[in-house]
Amino acid sequence: MANIFKTIKKKRRRKKLLAQKEHLEHSQAAARNRGEEDYQTKLSKHRHAAMRRTLLILGAVAAAVAVIFIYIERRSYHNYRVLQTSEQEDVVSTNYEEMDGRILRYSPEGAALVNQDMEASWSVIYEMQNPVADVNGDKAVIADVDGTTLEIFDSDGETGSVTTSYTIVKARISESGLVAAILDGGDSTWINYYGTDGTLLVENQTHVEDPGYPMDVAVSDNGNIMMVTYQFVDGSNTTSYVAFYNFGDVGQNEDDRIVSGYTYEGVVIPQVEYLDDSHAVALRDDGFTIYSGQQIPKESTTVEVEDEIVSTFISGDAVGMIFKNEDGDDAYTMNVYSANGNLRFSRSFNIPYTTVKMSGGYILLYNDSQICAYNSRGVQKYSGTVDGSINDFMKIGWNRYLLVMDSGVSVIKFS
């Protein structure tokens with residue numbers, strides 16, 4: 001009997017020990033779980049805190065950048081500093097155009113692409129009487145107006161040369177390097193299209209009677225569309241006709257490849273321009289018309305003005321017009337419109353300018369002794385006089401301008 005009781009006691013102790021062991025293991029597991037949960041909670045809190053700090057830092061940086069950008073955009077300058085001067089330039093017969101961050105320098109004897117120090121990356125010799133350049137990005141064409149020579153370039157040098165059959169009236173180049181040229185053949189005119197190497201791609205004869213005399217030509221960036229404005233005068237009535245030629249698949253079945261055309265009675269359209277592959281503008285004597293479409297351009301917006309237009313200027317995303325004020329202290333008002341015809345800003349000014357143009361995204365006005373620069377938001381960045389007689393003025397970089405004087409060429413910076 002005693003052995004039976006001992007056995008029962010042993011079983012009870014063993015059971016108790018097992019229970020205690022299980023309880024201990026359960027307690028330890030629970031502690032480990034609590035520790036893991038605490039660790040995960042702390043890690044999650046740390047990650048969220050780090051994320052909040054990162055977002056705050058990024059927000060602060062973005063705000064600082066925005067403040068700096070707004071400050072730079074709205075800042076006006078009152079002086080300028082000469083950074084570089086070249087007095088060896090033949091400024092009488094030499095012209096300059098901004099070309100892909102550098103300067104295309106050309107004259108009747110040849111052309112060169114130079115940097116701000118007037119150091120040439122390439123130069124080409126030719127002979128012309130009246131060279132006129134058209135630049136689009138890193139492509140350029142120099143035409144001998146009233147002559148028969150076309151020279152085509154990119155940033156690496158000459159890509160093609162053309163001797164035309166008739167005298168050149170005007171030549172324009174696309175962003176892809178294709179060239180459209182208006183040629184005067186006497187009783188008829190020709191609008192020819194050339195490849196980047198000077199190969200004749202399309203030859204199109206026009207007549208003064210129909211559709212009229214070509215006033216201007218423009219080419220889309222990809223070179224597929226050519227836009228031409230014609231003018232026809234019947235007695236005292238003037239009619240303008242704007243035609244779009246498509247040299248891709250869409251235009252191959254159309255007469256003379258004209259995919260769309262618009263007639264405007266009593267309106268003179270002296271200038272047309274492609275803003276990008278999808279938008280073109282015709283500058284009229286009473287405003288302007290925007291056309292949209294990559295393959296078959298259509299009229300999208302027309303802005304008509306009542307005041308007489310004194311000057312116009314165009315960039316890739318803006319159309320500008322200057323009117324003379326009859327009343328008030330300022331002599332002129334400048335309106336700048338977006339590519340969809342909305343008015344961006346209007347500014348009055350009192351500078352007796354002789355030239356206005358878009359250069360490097362800025363609006364530049366100047367005469368022989370004064371220069372003025374507005375940014376794309378209408379903020380006047382600088383207005384003042386310079387020493388000497390000004391032949392040309394252009395923007396060539398961030399706060400860098402080329403000033404062509406009668407005494408030489410200078411690179412200046414507003415300060």
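The figures here come from the full heavy-atom set of this structure, side chains too, leaving out hydrogens, waters and symmetry mates.
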Donor-acceptor pair, [X] side chain versus [Y] backbone, under 3.5 Å?
X      : Y      : answer
Ser240 : Ile269 : yes
Glu158 : Ser161 : no
Asn246 : Gln295 : yes
Asn350 : Ala331 : yes
Asp256 : Ile258 : no
Ser300 : Ile290 : yes
Asp138 : Asp154 : no
Thr333 : Asn325 : no
Tyr332 : Phe349 : no
Asp144 : Gln129 : yes

Within a strict 4.5 Å, meaning less than it, do heavy atoms of the [X] and [Y] side chains meet?
X      : Y      : result
Thr167 : Leu183 : no
Tyr245 : Val228 : yes
Arg257 : Val202 : no
Leu364 : Ile371 : no
Val356 : Met334 : no

Parallel, tilted or perpendicular, judged at 30° and 60°: which one describes the rings of [X] and [Y]?
X      : Y      : answer
Tyr382 : Tyr80  : perpendicular
Trp122 : Phe153 : parallel
Tyr166 : Trp190 : parallel

Can you list the steps and then say if Ser369 with Thr385 is a side-chain hydrogen bond (donor to acceptor under 3.5 Å, both in side chains)? CA-CA 6 Å; Ser369 62; Thr385 60; over 6 Å; no
How close do [X] and [Y] get, heavy atom to heavy atom, and via which atoms?
X      : Y      : result
Gln231 : Met215 : OE1-CE, 3.6 Å
Ser174 : Asn136 : C-ND2, 3.5 Å
Ser376 : Arg344 : O-NH1, 4.3 Å
Thr206 : Tyr230 : CG2-OH, 3.5 Å
Pro214 : Thr189 : CD-OG1, 3.4 Å
Gly378 : Tyr374 : O-CD2, 3.5 Å

Ile125 CD1: over 12 foreign heavy atoms closer than 6.0 Å: no
Crowded around Glu127 CD? As in, over 12 foreign heavy atoms under 6.0 Å? no
Just verifying a value: how many Å separate [X] [atom1] and [Y] [atom2], rounded to the nearest 0.5 Å?
X      : Y      : atom1 : atom2 : answer
Thr355 : Ile390 : OG1   : CD1   : 9.5 Å
Glu306 : Asp286 : CD    : CG    : 11.0 Å
Glu97  : Arg102 : CD    : CZ    : 15.5 Å
Thr302 : Glu304 : OG1   : CD    : 7.0 Å
Leu113 : Ser155 : CG    : OG    : 7.5 Å
Gln84  : Leu402 : CD    : CG    : 10.5 Å

How far apart are the C-alpha atoms of Thr94 and Ser107, what are their side-chain angles, what is the distance that settles it, and do they pass the side-chain hydrogen bond (donor to acceptor under 3.5 Å, both in side chains) test? CA-CA 5 Å; Thr94 304; Ser107 71; 4.8 Å; no
Under 3.5 Å, is there a donor on one side chain and an acceptor on the other for [X] and [Y]?
X      : Y      : result
Asp117 : Asn115 : no
Asn79  : Ser415 : no
Thr164 : Thr148 : no
Arg284 : Thr289 : yes
Asp317 : Ser315 : yes

Given Asp216 and Thr229, is the side-chain hydrogen bond (donor to acceptor under 3.5 Å, both in side chains) satisfied, shown in steps? CA-CA 6 Å; Asp216 197 12; Thr229 173; over 6 Å; no
With sequence neighbours left out, the residues meeting side-chain contact (heavy atoms from CB on, under 4.5 Å) with Leu200 are Asn192, Tyr194, Glu203
Which of these passes side chain to side chain contact (heavy atoms under 4.5 Å, CB included) with Val219: Tyr274, Tyr193, Phe247? Tyr193
Could you check whether Tyr291 and Tyr262 have their ring centres less than 6.0 Å apart? yes
Side-chain ion pair, Asp330 and Lys324, N-O less than 4.0 Å: no
Whether Lys357 and Glu98 form a salt bridge (side-chain N of Lys/Arg under 4.0 Å from carboxylate O of Asp/Glu) is what I want to check. no
